[in-house]
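Just below is one structure, and these are the notes that go with it.
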Amino acid sequence: MRRTQSIHGQWSSRLVFVLAATGSAVGLGNIWKFPYIAGENGGGAFVLLYLGCIFAIGLPIMIAEIMLGRRGRQSPINTMSTLAREEGLTPAWSLLGWMGVVTGFLILSYYSVIAGWALAYVFHAVGGMFEGIGADEADGLFVDLISDPAQLMLWHTLFMLLTVVVVARGVRSGLERAVEVMVPGLVVILLALVGYAAVEGHFATGFQFLFSADFSRLNANAVLTAMGHAFFTLSLGMGAIMVYGSYLASRASIATTSFMVVIADTVVALLAGLAIFPIVFAAGLEPGQGPGLIFKTLPIAFGQMPGGTFFGTLFFLLLVFAAWTSSISLVEPAVAWLVENRGMQRAWASIVTGALAWVLGVGTVLSFNLWSEGVIFGRTVFDILDYATSNVLLPLGGLLITLFAGWLMSRASVSEELALGNTVLFRLWYFLVRFVAPVGIFIVFLNVLGIL
Ligand code: PHE
C-alpha cells in the first residue's frame, strides 16, 4: 500500500508548502551570492544565462523532485530506494539520496559561516555603525570581521544553534512558523532598498550592468557557474525540495506550487541585484568584489538614508531569516533518515547533524583569515566547498533526477503523481525533463572539462 502521509508529519496547507519551499529557495543564494557572482562574471549575459537555466532546467527539475518526494513520502534515501523497487529498478538508487545528504552537510558547513556574517551585521546595524560611513569605512568594517576567527566562530556557532533548534521542533511547530513572516517581510524591505538605489544610486548604470548582455565576457566556467547557481538558489539536486515534497498533501498541484516558488526566488534575486549595483557604481566600487560585496556596499546606503539604522537592522535580520529557512532544509534530509532508519529522536538527530556540519565549518571560518592563502592550489576550503557543491554535486544530483523521473520511472507513475493528465503542460514538462535538462547539464559539464 502506498503511504498517504509521511511519518514526520505534513504541511498544514498548500500555501504553507509554497512558503516553506520558498523559504528554502530564497536565502543567501539570492541576496549574497547572486549579486557577487553576477558581478564577477560581467553582469547581463551571465544573468540571462542564469534565467535560462532557471526556467529550462531548474523549474522542470523542481517539479520532478517534488513529485519523487511526494510519491515516496520518506527521507530522500528511502524514497529513492522505495520508488526504484516499485519501478523494478535497483534499490541502489538510494545512493542518490546519500549523495544529497553529504552535499547538504558540505553546503551547511559554509552556509552557516556566511549567515554568521549577516548575524554580526545585525549587531553592527543596531549599534549605529553604518551612520554616515563611506566606502572605505564599510570595507574596514567587513575586513575587521572576517579576519577575526574567534568572532566568526561565535556567529557561526550561534547560527548553527538556531538551525538545530528549529529542525528539532519538527515540521509544524518548527519549520512552518519560521517561514510565514520571512518571505513577505524580505520582499518589502528589498523594494524599499531598490527605491533608495533608484533615487540615490546610479540606477541606470546598475540596471544596464544587470540586463545588457555582452556575451564576449562569458567563458565555459561562467556558464557552469550560472547553471550551478540555478540549482543552488532553487535548493535543487540534494533532496531538500524532495523531502519538503514528501510532506505535501496528495491533492496539491505540484506544477503550480513549483511555478510560484521559482518566480518568488527569481524576483528576490533580481531585486537584490537592482538594490546593490546602483549603490556599487555610485560609490565608485568594482562589481567583482567577491563574497564581501553586499557587506561592503549596503551599509553605505543605510548609512546615508533617513532611518538607515532601523532599515539596516531590519535588512540584515531578514537576511538571517532567509538563511535560516534555507539552512533548516539543508539538514532535513539527514534528520528524516536518522529518524526513519536509526530510530533516533528528531531532536537528537538534529543535534548530531548540526554538530558535524559545525565542525566542518571551521574550514570556512579559517578560509578568510589564517588559511586565506588557500589549502590546495591556492584555493581556500570555502572556494573548494562552494565549487564542489554548486558546480558539481547539485547539477549531478539534478541530472540523476532527470534520468530517474524522465527515463526510468514509468510514464504512468509520473503522470499519476503529477495529475496533469495528458495536457500540453504535462508534455512540455516531460520533454524538458527528458531532453532539455539532462542534455543541458551534460553539455555544460563537457564544456568545462574542455571536451566540447
Ligand atoms: N537555496 C538556498 C539559497 O539560495 C541554498 C540551498 C541550497 C538550500 C540547497 C537548500 C539546498 O540560499
Side-chain angles (χ1 to χ4, degrees), residues 18-38 50 53-54 58-59 61-62 65-66 69 75-76 96-97 99-118 159 163 166-167 175 178-179 182-183 186 190 225-245 258 261-273 291 294 318-336 353-354 357 385-398 401:
V18 172
L19 285 173
T22 306
S24 168
V26 173
L28 295 174
N30 307 62
I31 299 161
W32 160 75
K33 193 172 179 189
F34 171 71
Y36 92 75
I37 57 175
Y50 153 81
C53 291
I54 290 281
L59 178 58
I61 293 186
M62 177 171 290
E65 209 179 312
I66 298 175
S75 66
L96 175 57
M99 189 172 93
V101 165
V102 173
T103 309
F105 267 117
L106 299 179
I107 297 179
L108 181 63
S109 79
Y110 72 82
Y111 206 83
S112 164
V113 176
I114 312 290
W117 299 356
F159 184 80
T163 303
V166 174
V167 180
L175 308 197
V179 296
M182 186 281 287
V183 184
L186 196 71
L190 269 177
T225 308
M227 182 182 77
H229 188 64
F231 281 95
F232 184 84
T233 191
L234 294 177
S235 307
L236 296 176
M238 54 75 54
I241 287 294
M242 196 185 288
V243 83
Y244 274 19
S258 301
V261 174
V262 169
I263 293 295
D265 188 77
T266 307
V267 168
V268 173
L270 293 178
L271 284 179
I294 65 163
L318 286 168
L319 184 57
V320 170
F321 269 109
W324 197 359
T325 54
S326 298
S327 65
I328 55 184
S329 72
L330 284 163
V331 260
E332 185 64 22
V335 168
T353 321
L385 287 175
D386 175 39
Y387 191 93
T389 52
S390 290
N391 295 3
V392 184
L393 291 166
L394 296 180
L396 190 63
I401 288 170

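Along the sequence shown, the residues carry numbers beginning at 1. Start at 1 and go down the list; that is how both ligands and their atoms are numbered.
- Close approach of ligand 1 to G27 is summarised as follows: ligand atoms under 4.0 Å from at least one heavy atom of the residue are 3 (C), 4 (O), 12 (O).
- At a 4.0 Å heavy-atom cut-off, ligand 1 does not touch K33 at all.
- Here the shortest heavy-atom pairing between S390 and F232 reads OG-CD1, 3.5 Å.
- Using a 4.5 Å cut-off on side-chain heavy atoms (C-beta onward), P76 and L96 make no contact.
- Looking only at heavy atoms of the protein, atom 4 (O) of ligand 1 is closest to A25 O, 2.9 Å.
- The N/O atoms of M238, backbone and side chain alike, include none that comes under 3.5 Å of an N/O atom in ligand 1.
- Those atoms of ligand 1 that come under 4.0 Å of a heavy atom in T233, given as number and element, are 1 (N), 4 (O).
- Looking from atom 1 (N) of ligand 1 to the surrounding protein, the closest heavy atom is F232 O, 2.8 Å.
- From the protein, the heavy atom lying nearest to atom 2 (C) of ligand 1 is S24 O, 3.3 Å.
- A salt bridge (Lys or Arg N to Asp or Glu O under 4.0 Å) check over residues 20-36, counting only residues at least two apart or in different chains, returns the pairs K33-D386.
- Remark: side-chain polar atoms of T233 are not paired, donor with acceptor, to backbone N or O of V26 under 3.5 angstrom.
- In this structure, W117 and W32 have perpendicular ring planes: the angle between them is above 60°, well past the 30° mark.
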Could you walk me through whether T353 and F105 pass side chain to side chain contact (heavy atoms under 4.5 Å, CB included), step by step?
CA-CA 8 Å; T353 321; F105 267 117; 3.6 Å; yes

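- Among protein heavy atoms, atom 8 (C) of ligand 1 sits closest to S235 OG, 3.3 Å.
- The closest approach between a heavy atom of Y111 and any atom of ligand 1 is below 4.0 Å.
- A search for side-chain contact (heavy atoms from CB on, under 4.5 Å) contacts involving V392 returns Y387, not counting sequence neighbours.
- The L28 neighbourhood of ligand 1 comprises atoms 12 (O), with distances under 4.0 Å to a heavy atom of that residue.
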